Amino acid sequence: MAARRLSSLMSRSFNSVSASALLSKGKNSGLSRRICRYSTATDIEEPINPNVNVNYTQLLINGQFVDAASGKTFPTLDPRTGDVIAQVAEGDSEDIDRAVSAARKAFDEGPWPKMSAYERQRVLLRFADLVEKHNDELAALETWDNGKPYEQAAKIELPMITRLIRYYAGWADKIHGLTVPADGSYHVQTLHEPIGVAGQIIPWNFPLLMFAWKVGPALACGNTIVLKTAEQTPLSALYMSKLFHEAGLPEGVLNVISGFGPTAGAALASHMEVDKLAFTGSTVTGQRVLELAAKSNLKPVTLELGGKSPFIVCHDADVDKAVELAHLALFFNQGQCCCAGSRTFVHESVYDEFVEKAKALAMKRTVGDPFKQGIEQGPQIDSEQFEKIMKYIRSGIDNGATLETGGERFGNKGFYVKPTVFSNVQDDMLIAKDEIFGPVQSILKFKDLNEVIRRANATNYGLAAGVFTQDIDTANTLMRALRVGTVWINCFDVFDAAIPFGGYKMSGIGREKGIYSLSNYLQVKAVVTPLTNPAWL
């Protein structure tokens with residue numbers, strides 16, 4: 001499959017998806033209502049009722065949906081209003097113990113790692129078919145619990161998930177070791193074995209995508225899993241786990257625990273019977289996860305963490321295209337994206353033109369109920385994230401950056417933030433240093449290539465970068481000089497199941513997706529056997 005560029009996909013989907021296909025049964029769909037751009041709207045209209053039921057709110061342990069051992073629940077909220085969607089089981093250390101025991105038994109005694117790779121492949125393919133079948137329900141749950149535009153979830157993210165699961169299904173029967181020539185009369189081979197029980201902790205910004213990124217390679221390699229959802233967004237992963245069992249996944253192979261980081265997350269990270277840990281989230285939490293893993297059984301850890309990605313617009317750039325791409329790089333998913341192009345470096349010769357056009361584009365961005373057709377930006381995930389973003393906006397103003405547009409709450413209900421653009425941003429400002437994780441574009445000026453390389457690399461992060469230039473030599477210089485895990489040249493947010501993703505420095509350890517992620521879930525064993533009178537060596 002060709003790489004999916006989110007800019008082109010969003011353009012096609014937002015303009016061509018029919019209203020009836022998206023929200024045909026919602027009695028309050030209100031698709032004929034006007035969509036107000038943020039600059040003129042003063043309030044959010046009555047929220048649309050999602051056309052989906054919340055059927056799965058318990059923990060999944062050993063193939064059964066069960067209450068938390070404590071009986072506790074917690075509310076998951078609608079970011080559009082702050083209202084409660086459902087009460088969800090609150091797992092803690094006792095539930096992690098139960099889930100790990102089920103996963104351990106399924107690995108040591110159960111059929112999954114002993115099943116032929118072809119049979120595992122068939123389960124994954126059936127699961128992908130079911131995800132495709134239930135595309136609309138999953139997208140509605142994701143939007144309701146997370147706030148991202150429904151069209152983004154339904155027409156961009158869910159197809160990426162089915163493609164990724166099919167990709168790893170294809171790998172299931174192609175994982176093998178090597179025969180190794182060695183000095184002396186020995187037959188030497190390597191075995192690639194499943195690592196065992198994998199603990200996985202996923203974030204709230206892309207719950208379904210991160211679920212797939214984690215479970216796809218782990219299951220293809222023959223492992224069992226205990227997965228903890230983000231407390232803000234538990235609903236879609238629980239629905240996905242039900243589909244896995246419908247596809248024929250044996251009991252205990254996939255266990256899903258909803259709960260909080262300090263309790264369920266810490267218990268999973270420090271569990272002595274967990275053989276491997278994978279975490280996606282903030283750098284601060286990633287450090288804590290790594291510490292807990294090291295202090296317990298020294299389990300290997302892969303981390304996909306934060307970023308402060310530079311987006312570099314060179315002097316020869318087509319400014320209109322660069323503005324459009326920089327806009328996508330920052331504002332996609334309400335700015336809640338670890339690889340967001342949140343430091344927009346623009347050459348001084350085109351800086352003023354770029355700023356004016358970036359401001360105009362931000363002012364045209366449609367903000368509102370994410371279930372409404374044509375909406376580009378929904379609410380932030382919760383009040384904590386909303387307040388964090390507003391604090392950074394105030395910091396930018398106080399530190400002397402020029403607020404070109406936005407900088408305020410949108411409406412009077414929910415967690416909406418107006419698309420915000422700052423110019424005259426300096427490197428030492430917090431908005432240029434910290435990961436804001438919101439719709440705040442910071443535009444910085446540079447003079448030459450050496451300067452922008454130095455400044456782009458002057459950060460603790462190293463997740464991704466964008467380069468916009470028409471000069472191949474400039475592109476080649478920057479792609480090698482930037483200390484990041486991904487460089488997009490004249491594009492951004494191009495994701496594909498086969499393209500590895502991960503960061504340098506404090507943006508993480510290891511890679512997700514592609515062939516590289518398989519090594520996260522495999523052990524390599526060398527087997528040496530003496531040979532007597534070999535015909536050849």
Side-chain angles (χ1 to χ4, degrees), residues 22-23 25-26 49-68 73-79 84-91 95 99 123-150 152-166 200-216 218-219 225-249 251 253-259 264 370-371 381:
L22 291 173
L23 298 161
K25 298 180 182 178
N49 281 342
N51 183 31
V52 65
N53 295 320
V54 178
N55 295 322
Y56 307 100
T57 58
Q58 295 172 292
L59 313 176
L60 178 72
I61 299 176
N62 202 30
Q64 304 296 320
F65 284 104
V66 298
D67 292 333
T73 62
F74 67 94
T76 185
L77 306 181
D78 182 345
V84 176
I85 299 172
Q87 293 288 335
V88 181
E90 182 182 335
D95 301 297
V123 171
L124 288 168
L125 290 173
R126 286 195 296 268
F127 170 68
D129 291 343
L130 287 168
V131 171
E132 205 163 52
K133 178 181 176 181
H134 294 273
N135 183 94
D136 292 352
E137 300 100 294
L138 286 163
L141 277 177
E142 191 83 333
T143 293
W144 197 4
D145 213 12
N146 171 275
K148 68 179 63 200
Y150 175 86
Q152 173 187 321
K155 300 300 176 181
I156 299 174
E157 294 182 18
L158 264 299
M160 292 173 72
I161 289 165
T162 55
R163 176 65 182 95
L164 182 133
I165 295 298
R166 288 168 179 151
Q200 301 179 328
I201 303 174
I202 61 174
W204 49 257
N205 58 333
F206 291 98
L208 283 175
L209 270 174
M210 296 302 101
F211 178 95
W213 284 21
K214 294 288 188 291
V215 304
L219 292 179
I225 297 169
V226 177
L227 181 142
K228 193 197 89 67
T229 62
E231 56 265 30
Q232 297 90 343
T233 53
L235 299 179
S236 56
L238 291 169
Y239 194 112
M240 289 274 270
S241 63
K242 174 256 184 186
L243 296 182
F244 249 126
H245 284 87
E246 209 175 301
L249 192 71
E251 293 180 354
V253 173
L254 174 64
N255 306 272
V256 179
I257 305 296
S258 50
F371 280 103
I381 186 65

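Computed from a predicted model, the values in this text were never measured in an experiment.
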**Q.** Rounded distance (nearest 0.5 Å) linking atom CG of Leu60 with atom OG1 of Thr229
**A.** 11.5 Å
Q) Is a side-chain N or O of Asn135 found less than 3.5 angstrom from the main chain of Ala154, in a donor-acceptor match? A) yes
Q) Run the side-chain hydrogen bond (donor to acceptor under 3.5 Å, both in side chains) check on Thr73 and Glu90 step by step: do they pass? A) CA-CA 5 Å; Thr73 62; Glu90 182 182 335; over 6 Å; no
Q.
Quick check: closest heavy atoms across Pro234 and Ser258, and the distance to 0.1 Å?
A. CB-CB, 4.0 Å
Q. Can you find a heavy atom in the side chain of Lys228 that is under 4.5 Å from one in the side chain of Ile201?
A. yes
Q.
Rounded at 0.5 Å granularity, tell me how far CD in Glu137 sits from CG in Leu243.
A. 8.5 Å
Q) Of the non-hydrogen atoms in Val123 and Ala247, which two are nearest, and what is the gap between them? A) O-CB, 3.7 Å
Q) Would you say Phe127 and Leu249 make side-chain contact, with heavy atoms under 4.5 Å? A) no
(Q) Return the CD1 to CG distance between Ile165 and Leu130, rounded to the nearest 0.5 Å. (A) 12.0 Å
**Q.** From CD1 (Ile381) to CG (Asn205), nearest 0.5 Å
**A.** 8.5 Å
Q.
Is there a side-chain contact between Ile202 and Lys214 in this structure, where contact means two heavy atoms from C-beta onward sitting under 4.5 Å apart?
A. yes
Q: Would you check if Phe211 and Ser236 make a side-chain contact, meaning some heavy-atom pair closer than 4.5 Å?
A: no
Q | Val253 and Leu219: CA distance, side-chain angles, deciding distance, side chain to side chain contact (heavy atoms under 4.5 Å, CB included) verdict | A | CA-CA 8 Å; Val253 173; Leu219 292 179; 3.6 Å; yes
Q.
For Glu157, is there an ion pair with Lys148 - N to carboxylate O distance below 4.0 angstrom?
A. yes
Q: Before giving the answer on side chain to side chain contact (heavy atoms under 4.5 Å, CB included), spell out for Ile61 and Val226 the whole-Å C-alpha distance, their side-chain angles and the decisive distance to 0.1 Å.
A: CA-CA 9 Å; Ile61 299 176; Val226 177; over 6 Å; no
Q.
Any heavy-atom pair between the side chains of Glu231 and Trp204 that's under 4.5 Å?
A. no
Q) If you take all heavy atoms of Asn146 and Pro207, which pair is closest and at what distance? A) ND2-CD, 4.1 Å
Q | Closest non-hydrogen atom pair, Thr162 against Glu132 | A | CG2-N, 3.8 Å
Q) Does any non-hydrogen side-chain atom of Val215 lie less than 4.5 Å from one of Phe244? A) yes
(Q) Would Tyr239 and His134 count as a side chain to side chain contact (heavy atoms under 4.5 Å, CB included) here? Give the steps. (A) CA-CA 10 Å; Tyr239 194 112; His134 294 273; 3.1 Å; yes
(Q) If you define the side chain from C-beta out and look only at heavy atoms, does anything of Val66 sit under 4.5 Å from Asp95? (A) no
Q) Looking only at heavy atoms, which two atoms of Ala89 and Phe74 are closest? And how far apart? A) O-CE2, 3.4 Å
Q: Report the residues that fulfil side-chain hydrogen bond (donor to acceptor under 3.5 Å, both in side chains) with Trp213, sequence neighbours left out, ordered by chain and then residue number.
A: none
**Q.** Side-chain touch Thr57/Gln87, heavy atoms, less than 4.5 angstrom
**A.** no
**Q.** Stepwise side chain to side chain contact (heavy atoms under 4.5 Å, CB included) test for Leu59 and Phe65
**A.** CA-CA 5 Å; Leu59 313 176; Phe65 284 104; over 6 Å; no
Q: Applying side-chain hydrogen bond (donor to acceptor under 3.5 Å, both in side chains), run through Asp67 and Gln58 and close with a yes or a no.
A: CA-CA 5 Å; Asp67 292 333; Gln58 295 172 292; 2.9 Å; yes
**Q.** With Asp129 via side-chain hydrogen bond (donor to acceptor under 3.5 Å, both in side chains) - residues at least two apart
**A.** Arg166
Q: State the CE-CG distance between Met240 and Leu208, to the nearest 0.5 angstrom.
A: 5.0 Å
Q. So, for Ile85 and Trp144, which heavy atoms are closest and what is the spacing to 0.1 Å?
A. CD1-O, 3.3 Å
**Q.** Atom pair CD1 (Ile161) and CG (Leu209), whose distance is rounded to the nearest 0.5 Å
**A.** 4.5 Å
Q | Identified side-chain contact (heavy atoms from CB on, under 4.5 Å) counterpart of Leu235 within the set Asn55, Asp145, Leu138 | A | Asp145
